[in-house]
Structure formats: C-alpha cells, structure tokens
Amino acid sequence: MAHPPPAPRILPVKLFIAAIGTETNTFSPIPTGWSAYREDLFVRRDASQSSPHWFAGPLRVWRKAAEAAGHEVIESVAAFAQPAGPTRRTVWAEMLAMVLADLDAAGPVDVVLLNLHGAMVAEDEDDCEGALAAAIRARRPAAIIAVELDLHCHISDRLMAAADIVVTYKEYPHTDVDARAEDIWRLAMATHAGEIRPVMASIDCRMLAVWRTPRQPVRGLVDAMSAREGQGGVLSVSFAHGFPWADVPDVGARMIVIADGDAAVADRVARDFQRQIWDLRYQTRDTLLTLDEAVAAALSPELGVTVLADVCDNAGAGTSSDATFLLEALVAAGARDVLTGFFWDPVSVKLCFEAGIGSSMPLRIGGKVGPFSGRPVDLDVTVLALAENAQITYGNGKQALGDAALVAAGGIHIALNALRTQTFHPDGFAALGADIGDYRSVFVKSAQHFSAGFAPVANRIRYVSAGGAADPDFEKIRLPRAGRPLWPLVEDPFAGN
Ligand SMILES: [Zn+2]
C-alpha cells in the first residue's frame, strides 16, 4: 500500500506582537500618566494570556492563530489608557523603550503585528504610532510590519512608509476589533508566504465628521468596502474616520486601500471611495438634540424606553464624564423615571460606600474636572446600590468601572463610578441592579459605542449635544495645526488644488 504524500513542510514563523493605545483629546484637561495606563491595561509579555481587556483582543487572536500553526510568538507591551489629554513625555519614552528592548532581545523576527489606536499624542510627539512603527522598521528592515488601528486615528506618511499593512476597524460601534485582527493575520501570513505583495494608498479626505456605521447611508458604504475586498487585486479597504478633537497635523479622515502588487489599483480604489464619502457628506451629518429638546424628550409621554446619548461628554473621546449640564436641567424640570450615568466621581462613590445602601444624605455630584464639566449638582439622595470593582462589557472584552454606586434623587437615578470610562453597555447599570426597561428615559455618557448593547432594548435612540470636551460642532472647532483646509471648517477644502 502506497504511503500518502508527505504534507508540505511549513517553516515556523517568528512573530513579535504588541498593543499600545489611547485616543488623545488635545482639548482635554485630564493628563495621561502612568496610572491612567496601569488602572486600565498595562501588561508586559503575556496580556494575551492574562488579561480580558478588549484592547488585548487582537493579541489573543494572533497568539491563538500562531500557536495553532506552530509558530513562535514573542509578546511585548499591551497598554491602553482611557482617552484624555496628551500622554506624559516620560511615559511615552519609557513605553517605547520597553517595546524596542523586547524587540532587541527577540533577535531576528519575520513578522511584527501591532494593535495600536492611532490617535495617541504625547507631550512631545504628535504621532506616537508613526514613531513606533518607524523605530521598529529601522531595527528590522526586512520584517513584515502590519498595524491594526481604531478608525478614529490619524494616518501619517511616516506610519504608511514604515508599515507594509495598515487595517482599521470598519465598524462604529467597534464590533469588529477581533475580525480586523484576523484580516491582519491573513494578510501578514500570505505576505510572508510570498502569495501576495501588498502595496498601500492613503488618500486625505480633508473632512472632520462622525460617521455612525449602523445607519444608512454609511452602512451601505461600509458594505461596499467589504464587497470590494478580494475583487480585482484589492486586498483591504479601510476608512479611517479620524479623531477630530486633536490639534495635530494629521487630523482628519483618510481612505486606505491595499492592493496586490499594483499601486495604481490601490490609488484608484482609494480615490473612488474618498469621492463617495465626500458626496454623502450632507446625508451622513448628525442630527443632534439640543439640551432643551433632550429634556423635553425625557418629559414626553412616549411609550417605551428612550435612550439619549450625551455625546459631548464621552470619556471615550477624552472627556471628564462628569458634565452636569443635562443632569442640572433634568432636576430643574422635575423629570421622573430617568436613569443617567456613568458619572466619573470617585469622591461621591467613596461617600456612598461609607454611608451604605439605604442611607439618605446630601451629595455633590459631578462638575469637578473643569469648565467643560459644568457646575457640581447638590442633591439629597438615597443610596440604592453599591458594586465593588464593577465591569462593563465592550465588544468581546470588559472595561473596568471601578467601585460604583446608584443613587436616587426624586425620580432620577444616577450611576456614579470611580474609574473614568464611557457607558458601553446596559450590564454596567445591571451591576447596580438597574434594568433599563424600568425607566422611561436613559441618558448615557457615550457617543456611539453604547448603541451595540442598548439598541436591542431601546425603543428609540437620540443623540444630544449638551456641552463637554467632545463637542461635535466641527464648523467651530479650532485646529490651527491641521495645516490644510478641512470640511466643514471650509465649504470646499479642495478648492485651488
Ligand atoms: Zn474609536
């Protein structure tokens, strides 16, 4: 009996992986130092095996795929800080040095896979991702370098030159973090095997906006991007929405297309999608309620649960998450059956824990970080629930809320927490015994990520502009360092070009 032919021998690949992220709001008064990383995610060498953090998700994807194939993985830093102001210069320098020291210790590597946010600004570095990728390229000129980014990123020429493969999330809310990590894996491995030769084009859209991908016409555009992949030599299509609250030279949206060996194809397809996004600019614009309209919505007798997003005070965009503009107005209007949160207020949380469940006391809520926070609101409250080290679901992972408390002030229930983060999911409220189905209106401090978890249980969703450090009024935003015209600051940013 003949033996079966031997399986082709696949040489083991040596991989170097790391993850560093934060989204820097250069208008935020909150500094980002070591504790911001340590209380969120900072693990060196084994985050993929030890941390449930969502930002370590791509590392888990890559390690699992690599080990299944018998490849060698060297893992370096995994770090994430809740978005805020610029990262301190010494923190960035130390973190960069750690990654490079780990790379030096690893010796030669075939493939470098990086999960980066893409909008990290340090005190003396506008483009941390470009700096990291360029430093790795300088040390490993022959390695394949592939980078995954949040779509809220700045794309620099330095990053594009240093990396072979750049892929951003396609979805906002970011439900595809791990799916894009799988794309990165496939593209990097096919490149290493010599099956493809990725070439990238990056086209500046010269636009500042927020695009919500579950809604048309953005949904159709994202579906068209996915459908284009695998057709006519196109390997990957990414729409980097950009992160507008950053006065840096690369602020603004970009289209990135990767083609197989043909730069002209990459360029043509990127320009085609850039034009589509531009042509849809008025249709994709947000409709936001004013503060007065939001209060009226909370008082209206509409049946079912209305979820209202306090988009200007979204910790995910670097804000304080303690702005009281809406809370103050809801109290003044005598609103009832309202749940609102999460307010970042460690002092109030501490007082609630000290008082205990069932206690009644005066409490000064929110309004503490700066002018974007509004005034503190003094209320007589009853402590309804307490939760130690609470967590909230985000994508395939968890985000820490820290200690949390639920208090009642008249007909308004207010959720407070000790670790600043946005209100990603109803299970954060559930950790305090609050079921959003029991309320007529629920105000969440989040711009869009909440919708993945809240949309299935909400009867309607409204977006509110009520003041904060992430105001989406891009006709008025001041970005003197952007270095080129951007819509909607100007009507036609391409005029004269
Ligand atoms: Zn994002």
Side-chain angles (χ1 to χ4, degrees), residues 19-28 32 36 40-41 53-58 79-85 87 114-121 128-129 147-155 159 166-181 183-184 205 207-215 218 222 225 238-246 248 250-256 277 284 286 309 311-319 321 392-397 399 420-425 444-453 463 468-472 474:
I20 296 181
T22 188
E23 184 183 68
T24 304
N25 180 329
T26 62
F27 303 97
S28 174
T32 303
D40 213 306
L41 172 67
H53 199 288
W54 64 270
F55 197 69
F80 187 84
Q82 196 59 227
T87 291
L114 302 172
N115 179 39
L116 308 177
H117 186 290
M120 178 176 177
V121 177
C128 294
E129 292 81 3
V147 178
E148 176 170 357
L149 299 172
D150 189 304
L151 53 77
H152 298 116
C153 55
H154 317 301
I155 302 292
L159 176 70
V166 175
V167 171
T168 76
Y169 310 159
K170 285 189 171 66
E171 303 293 342
Y172 181 41
H174 304 326
T175 50
D176 61 333
V177 177
D178 290 0
R180 298 291 77 82
D183 292 352
I184 291 263
C205 301
M207 297 175 79
L208 302 168
V210 171
W211 288 271
R212 303 177 193 282
T213 61
R215 296 183 160 195
V218 188
V222 175
M225 285 161 49
S238 292
F239 174 34
H241 298 196
F243 181 69
W245 297 281
V248 294
D250 293 304
V251 67
R254 290 215 182 208
M255 276 307 306
I256 300 171
I277 290 156
T284 54
D286 256 344
V311 302
C312 298
D313 189 25
N314 166 30
T319 76
S321 200
I392 194 163
T393 292
Y394 176 40
N396 293 332
Q399 178 75 39
R420 191 176 55 87
T421 188
Q422 68 179 293
T423 311
F424 286 111
H425 196 278
V444 295
K445 288 189 175 291
S446 172
Q448 179 66 1
H449 289 315
F450 74 95
S451 69
Y463 297 90
D471 191 332
F474 302 124

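As the structure lists them, so they are numbered: ligands from 1, and atoms in each ligand from 1. Computed from a predicted structure; not experimentally measured.
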Item to check | Heteroatom N/O/S of His152 within less than 2.8 Å of the Zn ion (ligand 1) | outcome: yes
Item to check | With Val166, the side chain to side chain contact (heavy atoms under 4.5 Å, CB included) member among Leu114, Leu149, Ile184 | outcome: Leu149
Item to check | Phe474 and Trp245: CA distance, side-chain angles, deciding distance, ring pair (Phe, Tyr, Trp, His ring centres under 6.0 Å) verdict | outcome: CA-CA 9 Å; Phe474 302 124; Trp245 297 281; 5.5 Å; yes
Checklist entry - Taking the six-membered ring for Trp, are the ring centroids of Phe450 and His425 within less than 6.0 Å of each other? => result no
Item to check | Ion pair check, Lys445 and Asp313, cut-off under 4.0 Å | outcome: yes
Checklist entry - Got a sec: is His449 within less than 2.8 Å of the Zn ion (ligand 1) via an N/O/S atom? => result no
Checklist entry - Does any N, O or S atom of Asp150, backbone or side chain, fall under 2.8 Å from the Zn ion (ligand 1)? => result yes
